There are 2 protein chains.
Amino acid sequence: MARASDTLIEQLKHDIFSGLLKPGDQLEEADLAARFGVSRTPIREAIRSLVDCGLLETRPRKGAMVRVLTAKELNDLFEVAAELEGMACRLASDLLTLSGKKDIETGLEMCRVAAEAEDIPAYAQANLAFHAAIHKASGNAWLVDQLDQIQARINVYRLMPYEVVGRLEKSLAEHREISDAIFAKNGALANTLMRDHMMLQGARLPSLLKALE
Amino acid sequence: MARASDTLIEQLKHDIFSGLLKPGDQLEEADLAARFGVSRTPIREAIRSLVDCGLLETRPRKGAMVRVLTAKELNDLFEVAAELEGMACRLASDLLTLSGKKDIETGLEMCRVAAEAEDIPAYAQANLAFHAAIHKASGNAWLVDQLDQIQARINVYRLMPYEVVGRLEKSLAEHREISDAIFAKNGALANTLMRDHMMLQGARLPSLLKALE
DNA sequence: TACATATTATATGGATACATATGGAAACTA
DNA sequence: TAGTTTCCATATGTATCCATATAATATGTA
């Protein structure tokens with residue numbers, strides 16, 4: 001049987017990503033224990049894991065709360081994300097396998113369909129799939145891990161930068177350029193294009209953060 | 001009072017870095033509890049944290065052991081480290097503050113002294129200080145965190161690539177070039193030089209790994 | 001009425017007790 | 001003697017219990 005804390009971690013992550021738990025919300029061990037029908041022990045282990053992966057923070061004797069990122073921290077995070085996303089493109093260009101190419105094409109096609117339907121939630125998901133395909137195609141397991149974790153932290157803020165008019169089509173066009181560069185095995189170009197693509201999202205951060213208030 | 005598990009984490013990290021605990025070694029909770037004079041609860045919390053930061057791994061019902069990295073995983077790790085180290089140089093070049101410059105100069109001077117004395121352990125430490133100064137000078141807190149974690153994972157393998165004749169002087173010369181590029185605010189050059197510098201270490205990995213067997 | 005202090009309630013941090021699955025040893029059989 | 005099966009020891013995973021620090025509230029005084 002799997003450990004109870006593993007289930008709890010998934011559940012709590014889901015609660016945070018879905019917005020049920022918002023940054024700043026307090027987590028009480030006894031409440032969670034009652035809610036999930038387990039003792040405080042696995043609850044505490046789950047909380048500790050989430051603290052370690054940066055989703056929660058604790059003050060001694062004060063318990064855990066969903067971590068609040070400052071604008072500076074979010075910006076730093078985006079900067080690292082942009083660098084690593086670019087790196088993934090470069091590696092994917094160098095390595096480029098048949099199945100890797102196929103996955104990226106699938107992700108791109110998902111983006112195209114969603115953009116054509118102007119379905120923003122679908123595009124957000126397709127966007128994740130496209131990026132994930134590139135991560136995987138890099139062939140570097142650590143890189144995939146790092147990008148997953150960063151993605152998780154960014155996701156908490158549920159930023160939907162596509163709601164700007166025309167951004168969907170523009171994002172799709174950038175995805176096309178990036179894929180083309182990778183398929184042409186032009187790592188340097190793919191790297192740059194992806195960095196720029198990410199930075200465009202990051203540039204919107206300040207206004208989006210204000211909108212959250 | 002600080003949490004007991006925090007002390008345990010530091011102690012266990014030290015044991016791992018110092019080689020007292022080697023990759024593959026099994027950790028038994030009861031033993032550790034007796035050794036540190038605490039109950040199993042804080043021990044378990046410490047173990048969980050170390051699992052989360054990648055230093056240990058657990059199999060259900062089988063407990064924790066010091067994580068063993070394959071050659072491929074170590075290589076991937078180095079690749080990411082090289083990218084992020086290069087990024088730190090670029091950001092440090094852009095931002096360059098007076099105190100940042102001073103810290104880097106201090107680190108470089110430590111390297112010079114150690115290299116002149118041909119003191120390999122001292123150089124290893126000075127090397128860390130030099131790199132840490134650049135990390136900090138980047139002004140990106142996430143980047144510093146990531147690099148710290150990667151450094152910790154690499155350190156477990158106690159790679160001492162300086163034992164090659166002349167490598168100390170060569171490493172020092174590279175450090176000088178990197179600092180010069182940063183001080184000249186030439187981010188692109190600093191980035192490239194650092195990437196190359198890191199890759200030179202990474203290239204020695206296979207032979208060093210074999211030597212560990 | 002406002003501020004300070006003391007008391008109490010409560011939630012976290014740690015210890016201990018209990019359940020259960022896994023690995024190893026021993027015994028039995030082919 | 002080798003292999004298989006069963007039993008037991010032990011270590012992990014979970015629950016509960018205890019200690020203590022913190023915070024909130026109430027009371028008393030200025």
Side-chain angles (χ1 to χ4, degrees), chain A residues 1-16 19-69 153 156, chain B residues 1-16 19-69 145 149 153 156:
Chain A
M1 191 183 72
R3 287 184 289 257
S5 52
D6 289 341
T7 313
L8 293 171
I9 290 170
E10 289 312 309
Q11 185 63 45
L12 287 175
K13 273 187 180 175
H14 178 268
D15 289 351
I16 293 173
L20 191 67
L21 292 170
K22 280 178 278 292
D25 282 1
Q26 199 80 17
L27 294 175
E28 280 184 29
E29 295 175 2
D31 288 355
L32 293 173
R35 182 177 147 207
F36 290 109
V38 295
S39 80
R40 276 178 54 219
T41 307
I43 297 283
R44 289 179 59 182
E45 298 203 345
I47 287 178
R48 179 149 273 269
S49 272
L50 292 174
V51 168
D52 287 333
C53 74
L55 288 173
L56 302 181
E57 60 186 336
T58 52
R59 311 287 283 180
R61 292 275 163 197
K62 280 205 57 180
M65 57 183 275
V66 181
R67 179 156 184 190
V68 179
L69 293 186
R153 288 174 187 137
V156 175
Chain B
M1 192 182 71
R3 287 185 290 258
S5 51
D6 290 340
T7 313
L8 292 171
I9 291 170
E10 289 313 308
Q11 184 63 45
L12 287 176
K13 274 188 180 175
H14 178 268
D15 289 351
I16 294 172
L20 190 67
L21 292 170
K22 281 180 278 290
D25 281 1
Q26 198 81 15
L27 294 176
E28 279 183 28
E29 296 176 1
D31 288 353
L32 293 173
R35 182 177 147 206
F36 290 110
V38 295
S39 80
R40 277 177 53 217
T41 307
I43 296 284
R44 285 176 62 89
E45 296 201 348
I47 287 177
R48 180 152 274 271
S49 273
L50 292 175
V51 168
D52 286 334
C53 75
L55 288 173
L56 302 180
E57 60 186 336
T58 53
R59 312 286 284 181
R61 293 275 163 195
K62 281 205 57 179
M65 57 184 275
V66 182
R67 180 156 182 188
V68 180
L69 293 186
D145 266 16
Q149 286 188 30
R153 289 177 187 133
V156 174

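Numbered from 1 within each chain, the chains take letters A, B, ... in sequence-line order. Just so it is clear, the structure is predicted and the values come from calculations on it, not from any experiment.
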Margin query: Could you go through Arg3(A) and Asp6(A), starting from their C-alpha distance and side-chain angles, then the distance that decides it, and tell me whether this counts as salt bridge (charged side-chain N to carboxylate O under 4.0 Å, His left out)?
Written below: CA-CA 6 Å; Arg3(A) 287 184 289 257; Asp6(A) 289 341; 3.7 Å; yes
For Val68(B) and Gly24(B) the tightest heavy-atom approach is CG2-N, 3.5 Å
* Please work out if Leu27(A) contacts a base, only the sugar-phosphate, or nothing of the nucleic acid, heavy-atom cut-off 4.0 Å. => sugar-phosphate
Hits for side-chain contact (heavy atoms from CB on, under 4.5 Å) against Glu45(B), two or more places apart or cross-chain, chain-then-number order -> Arg44(A), Arg48(A), Ser5(B)
I'd like a table of atom pairs between the protein and nucleotides 23-25 of chain D - only N or O on both sides, under 3.5 Å - with the distance next to each one.
none

Rounded to whole Å, CZ of Arg48(B) lies from P of dT12(D) at a distance of 14 Å
Rounded to whole Å, the CG-C1' distance (Leu8(A) to dG13(D)) equals 13 Å
Expected list for residues 31-44 of chain B near DNA chain C, using heavy atoms below 4.0 Å, is Val38(B), Ser39(B), Arg40(B), Thr41(B), Pro42(B)
Thr41(A) meets the side-chain contact (heavy atoms from CB on, under 4.5 Å) criterion, sequence neighbours left out, with Ser39(A)
Hits for side-chain contact (heavy atoms from CB on, under 4.5 Å) against Gln11(B), two or more places apart or cross-chain, chain-then-number order -> His14(B), Asp15(B), Arg35(B), Phe36(B)
Taken to the nearest whole Å, CD1/Ile9(A) to C1'/dG13(D) is 14 Å
Here the distance between atom P of dA9(C) and atom CZ of Arg61(A), to the nearest Å, is 19 Å
Whole-Å distance, Arg59(B) CZ to dT22(C) C1', equals 14 Å
Note to self: What contact category does Glu45(A) fall into here, base, sugar-phosphate, or nothing, at under 4.0 angstrom with non-hydrogen atoms?
What the structure shows: nothing
message = Measuring to OP1 and OP2 of dG13(C), would you say a side-chain N or O of Arg3(B) lies under 4.0 angstrom away?
response = yes
Atom CE of Met65(B) and atom P of dT12(D) are separated, to the nearest Å, by 14 Å
The side-chain contact (heavy atoms from CB on, under 4.5 Å) partners of Asp31(B) (sequence neighbours excluded) come to Glu28(B)
Any strand, both distances under 3.5 Å, Watson-Crick or G-U wobble: dA30(D) pairs with dT1(C)
